[in-house]
Peer 1: 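Questions regarding the structure given below will be posed in turn.
This is a predicted model, so every value here is computed, not measured. The first residue in the sequence is number 1, and the count goes up from there. We use all heavy atoms of the structure for the numbers below, so side chains are in, but hydrogens, waters and symmetry mates are not.
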Amino acid sequence: MSTRTFRRPVVAALAAGLALSATTHADEGMWMPTQLPDIAKPMREAGFRGRAEALADVTAPPLSAVVKVGGGTGAFVSPDGLLLTNHHVAYGVIQYNSSAERNIIDGGFIADGRGDERPSNPDFRVLVTVGFDKVTDEVLSDARGKTGRAYFDAVDAASKRIVAECEQGGDVRCSVANMYYGTDFYRIRQLELRDVRLVYAPPRAIGNYGDEIDNFMWPRHTGDFTLLRAYVGRDGKPADYSTDNVPYAPPAHLQVARSGLHAGDYAMLAGYPGTTFRHRTAAEFDAQVNRVLPQRVAVFDALIDAVESAGADDADIRTRYASQLQSLKNNRKRAAGELEGLLRSDALRLRGEDEAAMLAATTGEDAAGIAELRAILGQADAAAVRDQLLTLVASQTQLLRSALLLERLRIESAKPDDALRETGYQRRDHALIEGVLRQVQRRYAPAAEQALLQVLVSRYQQLPDAQRLPAFDAAFGRTPDSLAKALQTVYSGTRLGTEAERLSRFAQAREGQPLASDPLLALAAQIVAAQLDAEDARKTREGEQLRLRPAYMRALFAWRAQQGRAVYPDANGTLRVSYGKVEALAPRDAVAYAPVTTVAGIVEKHTGQVPFDAPQPLLDAIARGDFAGTDEASLKTQPVNFLTNLDTTGGNSGSPVLNARGELVGLNFDSNWESVSASWWFDPRYKRAIHVDMRYMRWLMDKVYPAPALLEEMGVPAR
């Protein structure tokens, strides 16, 4: 294989892309804040009334108020650490504090003063970005001239070194973000707030009204919001939960607007979108449509059935797995919608034609690099189904996940120093691992976990021999009978079901010492060995992709410049800004939807049965019709949700939606069914984002489930 590294300057191509940004759709693009000054003109033309330059600094208001919350986004809405996010983003916190005796999932929760605010699960985190710096040369300096695993290791070692140096001063958690697929790298510094407490959660039948029937659908009538509060030690530094802690004083907080938006009004969103794939190759599009998504839907269907069957006659299992089941259903529906959307938009054909034209215009080293890249991607595609199953074995279990964490932590901790340890298992990660081990107690039931493993390992057993891993086969055997026997033996004999047993092993693992024997840990040792085998091959492939994808991106920059289009980086969990407007939806012939829903729709959908069982206090308040101060004058009633054409994806849940003046008017919580595929393909005909109107939140907190002190704290006191 060639040892060319294909690193030519990309500054000119990037600049050309930004210079042409005025020709892009205002609703398309997840922009890095540092790019916003370059697109100030189209933002102003779209209706923005602020200064784009003020949005370039993620550590300054207003973007410093926007934070990563759990697996989503949130924003501070008071100087005392009050934090607004989605009900479904905070659902794990709600579930953690719920029990069969006091089911706050169904009943909702309003803290009786700050002393009554409830601690989140120990692994829940809020990350406040306090630094964002380009470190491309530092990351790639030792990688140039290398290939494969050596290239990966060089980038990995440089990233770890940058993180370690960044964290030397304490109080921050750092990371290195990969932009444009190995083209540029940025160092991100974040405060990691560990003491986060539940303040206000509406009942399930408001926060999740419609559940899976309405999920990814419009019109919606959901009050998907929850209020948390972040705390720190008395010295102002991040700290574990303690009754002595004090509310965190954020660098900025957003002002809740008193008025709403109308069709055509400017809207802007800031958040932490997870991952998009719009700059992937045509071959990767093909794999997604024809193999990955169909497999994903089938696996999630089976996992959902397993959990629901395990909890059919067991209320305790239903409570313990409520959050996980909701996540499974959401992911299943997203995968099905993504597949349907890509087919509807004819994305596979269009991407193929676009790439073919791009390649025809690409010559020299970049053309050679792209040819090498396509060969490497073929190897990754062959292992995709197996690797997906291995990932789910860890992510969809609780007790086995703990055992896997402990075994891998033991292996990594035995290495001489953090520079040699895998990211996620360094000393900086110990607190988070301990949090994961502690939260198991309220989210685990043996019958449910074994049912989940039966689904996943049975599918693994059906893979062709070329995709099998000897250590995994040794752990579970190759037949359904051997699998059932292995699970029964392990789960009947393990003692890791108690927190004390897990934490005693944690004390050993973090020092690299042998773990006290346990059948589940013995099983974990075999699985981790299989994971390490797969990981070694994956890192070799990823090293080649890191080396070769910049050639593809350079070709794409040049091709988009010829088309008069800008190139924004695919989302990767870093702070991004999207802008656009409130816009109606016409998803198919003779069907048109207004961009705003009202409380009338709640009553129309109400059946008294889950998931359309609106609480009686809500129905009574709607019947009274007292909407003064939060109503929409043009509709003469109370608005609930609204649509924009903002560019969003997973991770944008809980993102604040701002008006032209930067006031908080909405809270993002979903996309419409027709646009679920936007993580791969942006289709402006269908892409819409769904938001809670802040006037609905204010009305609920004023007239239905009153919390006057919280409204006062947010600067929008009740009448």
Side-chain angles (χ1 to χ4, degrees), residues 84 86-88 106-108 110 200-227 256-263 265 267 582 584-585 592-644 657 659 664-670 672 688-708 710-711 714 716-719:
L84 178 65
N86 285 152
H87 182 271
H88 77 263
D106 287 342
I110 306 174
Y200 185 106
R204 170 199 50 78
I206 291 177
N208 192 29
Y209 191 63
D211 194 25
E212 284 309 303
I213 294 176
D214 270 6
N215 191 18
F216 295 119
M217 297 296 174
W218 183 261
R220 291 295 290 275
H221 300 86
T222 309
D224 194 350
F225 74 94
T226 290
L227 287 161
V256 178
R258 293 176 180 268
S259 59
L261 299 180
H262 304 89
D265 284 352
V582 176
L585 173 66
Y593 292 119
V596 178
T597 61
T598 73
V599 290
I602 296 173
V603 178
E604 290 169 357
K605 289 180 176 179
H606 175 70
T607 64
Q609 301 296 317
V610 177
F612 297 109
D613 53 338
Q616 194 60 46
L618 174 60
L619 296 173
D620 292 343
I622 294 171
R624 288 194 298 272
D626 183 6
F627 309 127
T630 58
D631 65 324
E632 170 49 53
S634 65
L635 299 174
K636 298 181 180 179
T637 189
Q638 178 64 51
V640 177
N641 298 149
F642 67 97
L643 280 180
T644 67
V657 181
N659 61 21
L664 179 62
V665 292
L667 192 66
N668 185 71
F669 72 95
D670 207 357
N672 57 307
R688 298 294 183 273
I690 303 173
H691 320 294
V692 181
D693 194 309
M694 288 295 91
R695 291 174 293 178
Y696 183 51
M697 181 192 77
R698 288 169 52 210
W699 178 71
L700 288 170
M701 296 179 68
D702 180 11
K703 305 292 177 52
V704 188
Y705 294 94
L710 294 176
L711 289 172
M714 287 188 283
V716 283
R719 292 191 296 116

Peer 1: Taking the side chain as every heavy atom from C-beta outward, state whether M714 and M701 have any pair of such atoms under 4.5 Å apart.
Peer 2: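 With C-beta onward as the side chain, the pair touches.
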Peer 1: Taking side-chain hydrogen bond (donor to acceptor under 3.5 Å, both in side chains) as the definition, give me every residue that meets it alongside Q609, ordered by chain and number, with sequence neighbours left out.
Peer 2: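 With neighbours one apart ignored, the set is empty.
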Peer 1: Taking the side chain as C-beta and beyond, is there a heavy-atom pair between L643 and I690 under 4.5 Å?
Peer 2: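 L643 vs I690: side chains touch.
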Peer 1: Would you call L700 and L618 a side-chain contact if the rule is heavy atoms closer than 4.5 Å?
Peer 2: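 A side-chain contact exists here, since the closest heavy-atom pair is under 4.5 Å.
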Peer 1: Write out all pairs satisfying salt bridge (charged side-chain N to carboxylate O under 4.0 Å, His left out) with one or both partners inside residues 212-222, taking only residues at least two apart or from two chains.
Peer 2: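 Checked against salt bridge (charged side-chain N to carboxylate O under 4.0 Å, His left out) - neighbours excluded - the pairs reaching residues 212-222 are D214-K605, R220-D670.
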Peer 1: Can you check whether D631's main-chain N or O pairs, donor with acceptor, with W699's side chain at less than 3.5 Å?
Peer 2: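 No, because the side chain of W699 does not come within donor-acceptor range (under 3.5 Å) of the backbone of D631.
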Peer 1: How would you list all residue pairs meeting ring pair (Phe, Tyr, Trp, His ring centres under 6.0 Å) that involve residues 601-624, not counting sequence neighbours?
Peer 2: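 Only Y209-F612 qualify under ring pair (Phe, Tyr, Trp, His ring centres under 6.0 Å).
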Peer 1: Counting only N and O atoms by type, is there a donor-acceptor contact under 3.5 Å from the side chain of R698 to the main-chain atoms of R258?
Peer 2: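 Checking the backbone N and O of R258 against the side chain of R698, a donor-acceptor pair under 3.5 Å is found.
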Peer 1: How many angstroms lie between CD in E604 and OG1 in T598, if you round to the nearest 0.5 Å?
Peer 2: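 Going from CD on E604 over to OG1 on T598, the span is 7.5 Å.
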Peer 1: Do Y705 and Y200 come close enough that some side-chain heavy atom pair is under 4.5 Å?
Peer 2: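 Side chain of Y705 against side chain of Y200, heavy atoms only: contact under 4.5 Å found.
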Peer 1: A side-chain contact here means heavy atoms from C-beta on lying under 4.5 Å apart; do I206 and P203 qualify?
Peer 2: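 They are in side-chain contact.
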Peer 1: Within the 3.5 Å criterion, strictly below it, is a donor on D224 or H88 matched to an acceptor on the partner's side chain?
Peer 2: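 Short answer, yes.
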Peer 1: Let me confirm one number: the CG-OG1 distance from L585 to T644, rounded to the nearest 0.5 Å.
Peer 2: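 Reported value, rounded in 0.5 Å steps: 11.5 Å.
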Peer 1: Using the test side-chain hydrogen bond (donor to acceptor under 3.5 Å, both in side chains), find all partners of T630 that sit at least two apart in sequence or belong to another chain.
Peer 2: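 For T630, the residues satisfying side-chain hydrogen bond (donor to acceptor under 3.5 Å, both in side chains) (neighbours in sequence not counted) are Q638.
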Peer 1: Can you sort out the partners of D106 under side-chain hydrogen bond (donor to acceptor under 3.5 Å, both in side chains), two or more places apart, ordered by chain and number?
Peer 2: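 So D106 forms a side-chain hydrogen bond (donor to acceptor under 3.5 Å, both in side chains) with N103, R204.
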Peer 1: Using the salt bridge (charged side-chain N to carboxylate O under 4.0 Å, His left out) criterion, which residues pair with R695? Sequence neighbours excluded.
Peer 2: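 By the salt bridge (charged side-chain N to carboxylate O under 4.0 Å, His left out) rule, R695 matches E632, D693.
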Peer 1: H691 versus N668: any side-chain heavy-atom pair under 4.5 Å?
Peer 2: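 Yes, their side chains come closer than 4.5 Å.
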Peer 1: Can you tell which of V256, T226, L227 makes a side-chain contact (heavy atoms from CB on, under 4.5 Å) with L84?
Peer 2: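 Answer after filtering V256, T226, L227: L227.
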Peer 1: Decide yes or no for Y593 and N672: does some side-chain heavy atom of the first lie under 4.5 Å from some side-chain heavy atom of the second?
Peer 2: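 The answer is no, as the side chains (C-beta and beyond) never meet within the 4.5 Å cut-off.
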Peer 1: Between W218 and A594 (side chain of the first, backbone of the second, donor and acceptor by atom type, cut-off under 3.5 Å), is there such a pair?
Peer 2: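 Yes, the answer is positive, given that a donor and an acceptor are paired below the 3.5 Å cut-off.
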Peer 1: Atom CG of D702 and atom CG of L711: how far apart are they, to the nearest 0.5 Å?
Peer 2: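 D702 CG to L711 CG: 6.0 Å, rounded to 0.5 Å.
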